[in-house]
Amino acid sequence: MEAGAELIARARLICGEQHVLTRTPVLSTYRSDGIRRNGPLPIAAILPGSGSEVASVVGACAEAGIAYVVRGAGTSHGGGALPRADGVLIVLTRMRRVLAIAGSELTAEAGVPLVALPDTAARGWLDTGERLGTVGGHIAETRGVGNLSGLELVRPDGVLVHLDARLPGYDVAGAFPGSRGRAGIAVTITLRAVPRR
Amino acid sequence: VSEAVVPHSFSEAAAALAAAATQARPVRVVGGGTKLGWGALPPPDAVQLHMAHLSRVTIHEDGSATINAGTPMVRAQTTFARSGLMLAADPQLGRGRTPLATLGGVVATADTGPLSHRHGPLRDQIVGITVALSDGSIVRTGPRTDHVQDGFDLPRLFTGSFGTLGVILAIDVRLRPLPRQTASTIGSTDRPEQLKAAVETLTQEHRELEALDVAWRDGRGGLLAQVAEERADQAEAAAGRAAAISQTMRACGLEDATVRVDDAGLWARQRAGQRSAEHAVLRVSHRAAQLDDILSVADAARATLVGRAALGISYLTLAVPRVAAVRAALPEGAAAVALDLPATARGAVDPWDVPAGPQLELMREIKRDFDPAGVCNPGVFVGSI
């Protein structure tokens with residue numbers, strides 16, 4: 001079995017048959033980004049349902065030596081969502097649960113749409129006027145998001161790391177925004193409320 | 001044997017670092033020398049890279065500035081003030097009356113002050129950075145370069161990295177208008193939960209505050225709130241706004257709630273409370289909602305506390321033998337870094353107290369990526385990085 005077919009088989013075991021898309025008409029809907037620029041057809045679009053599934057898929061990609069591109073709602077204007085012909089797309093739009101709101105902190109999966117964040121008049125969770133896209137996509141593409149207090153990050157080798165911004169040391173969580181997929185995949189994100197000025 | 005190098009240019013600094021790397025000799029960067037006691041003990045044979053001659057401030061037309069790392073903070077702020085501007089970062093710049101701290105040192109230690117309430121921590125003011133790595137290369141990111149950097153945000157990784165990734169050569173920062181008139185309100189209480197509730201109310205009802213600090217000692221303390229106006233002739237306006245804050249404080253049950261127009265000394269004392277020559281100073285990071293718990297922990301340890309009331313950053317000054325008890329009593333998720341320690345305690349107390357685990361392993365990986373030679377200030381950081 002060639003590497004691509006083997007990866008598809010493994011991804012189906014990890015995520016379920018129906019969440020690994022390989023038929024051309026369906027894959028075509030994942031070719032464009034926010035300015036309707038078209039990329040090539042990827043080998044497959046894989047839609048994990050949890051952080052651990054993302055970690056397993058990334059680990060499988062690493063073992064197979066196959067590149068991946070991560071995608072949320074596909075609204076990037078910088079080419080960040082465009083697939084590669086020799087790689088797979090990892091699509092996070094099934095991961096759209098707000099996991100917790102505790103006091104002034106919110107924890108959400110990366111695929112939560114920005115419009116679904118429960119903002120109020122007094123406070124919001126992301127200091128942006130952007131309404132399209134997902135929480136994970138916004139953070140991956142935007143340098144300087146300063147109110148992250150934690151992340152669950154899938155590293156390129158498939159290891160899932162929980163990052164607490166309060167833990168002393170390098171500000172790895174703070175340095176993640178704007179990394180455009182090159183520092184790993186944020187699968188859950190904890191934000192501190194930002195007051196509206 | 002310790003050796004000192006004093007570079008006069010970025011390339012000299014990079015060459016000195018690379019030369020040390022080829023000899024596998026550790027390098028320790030020295031700025032104003034005000035925080036050399038922070039972190040774990042450095043290697044005794046480190047080459048000292050003195051930054052005094054890398055001192056320059058350039059204000060750009062877009063309201064940002066580039067500051068070479070060896071520039072004393074005071075000199076940079078004086079230059080900005082002549083243009084009616086400031087860098088919104090106001091940590092304690094040195095003990096006594098000799099404020100020698102340099103921009104590079106403040107960035108490397110992520111030191112902070114009361115203005116972070118409004119403007120965020122220092123890292124939020126930084127838009128670009130120039131660093132030398134141990135392979136001799138100079139890397140620059142930010143708006144003054146065409147280089148697009150994906151991956152981890154370099155300025156944020158280097159801020160607070162204690163010189164362990166490379167040598168910070170220059171920092172690009174955004175500047176803010178310099179307030180010419182300030183006024184402050186102080187309200188006091190002996191009930192930690194009442195103080196915490198007042199912080200929540202003040203942050204919701206007065207979003208314009210420049211600073212909102214807490215000071216606490218022996219079971220009693222208070223909140224200090226500052227407002228600012230841009231023009232020197234707006235003293236009345238500032239006092240009026242401070243009076244409105246005073247009303248809110250009283251409604252929250254705080255006592256006194258007095259207004260001070262001449263408030264510079266007040267805030268200087270807050271900053272001074274972040275340092276100690278005789279005792280341990282713990283910088284505790286916690287959730288803002290845990291402030292009442294932290295005040296109780298401080299009381300139990302007979303510690304004095306100053307801090308950013310709404311940001312979850314508290315500085316506890318206490319006797320060294322009580323450090324372990326404070327760490328054990330911290331609420332879930334809070335962490336304490338020992339900054340100042342008396343010379344006799346250095347080496348005996350782990351300043352970082354970070355557990356082994358995946359996050360620490362990721363930090364080690366980052367250290368190896370940036371400094372494969374392992375010569376940049378080795379051993380002083382978390383997990384002996």
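Only this structure's heavy atoms are used, side chains among them; waters, hydrogens and symmetry mates stay out. Every chain is numbered from 1, with letters handed out A, B, ... down the list of sequences.
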#### Entry: Glu200(B) portion near chain A, given a 4.5 angstrom heavy-atom threshold
neither

### Task
Give me the ring orientation class for Tyr170(A) and Phe381(B): parallel if the planes are under 30° apart, tilted from 30 to 60°, perpendicular past 60°.
tilted

### Summary
Whatever's closer than 4.5 Å to a heavy atom in chain A on Leu157(B) counts as both

### Query
How long is the gap from CG on Leu154(B) to CZ on Arg143(A), to the nearest 0.5 Å?
8.5 Å

### Message
Check this for me: Glu332(B), atom CD, are more than 12 non-hydrogen atoms of other residues, nucleotides or ligands nearer than 6.0 Å?
### Response
no

### Arg94(A) CZ: over 12 foreign heavy atoms closer than 6.0 Å
yes

### Task
Would you check, one step at a time, whether the test side chain to side chain contact (heavy atoms under 4.5 Å, CB included) holds for Leu167(A) with Val382(B)?
CA-CA 10 Å; Leu167(A) 197 73; Val382(B) 293; over 6 Å; no

### Message
Using a 4.5 angstrom heavy-atom cutoff, name the option from Gly357(B), Gly120(B), Gly151(B), Pro121(B) with the most pairs to chain A.
### Response
Gly151(B)

### Query
Do other residues, nucleotides or ligands put more than 12 heavy atoms under 6.0 Å from Arg182(A) CZ?
no

### Task
To the nearest 0.5 Å, tell me how far Arg180(A) CZ sits from Asp150(B) CG.
5.0 Å

### Summary
Among Asp124(B), Leu165(B), Ile385(B), Ile366(B), the residue with the most heavy-atom pairs under 4.5 Å to chain A is Leu165(B)

## Note on the structure
Among Arg123(B), Arg287(B), Arg283(B), Glu361(B), the residue with the most heavy-atom pairs under 4.5 Å to chain A is Arg287(B)

### Task
Take atom CZ of Arg140(B) as the centre, draw a 6.0 Å sphere, and report whether it contains more than 12 heavy atoms from other residues, nucleotides or ligands.
yes

### Query
Roughly how far, to the nearest 0.5 Å, is the CD1 atom of Ile313(B) from the CZ atom of Arg166(A)?
11.0 Å

#### Entry: Within-4.5 Å side-chain heavy-atom neighbours: Gln359(B) and Asp164(A)
yes

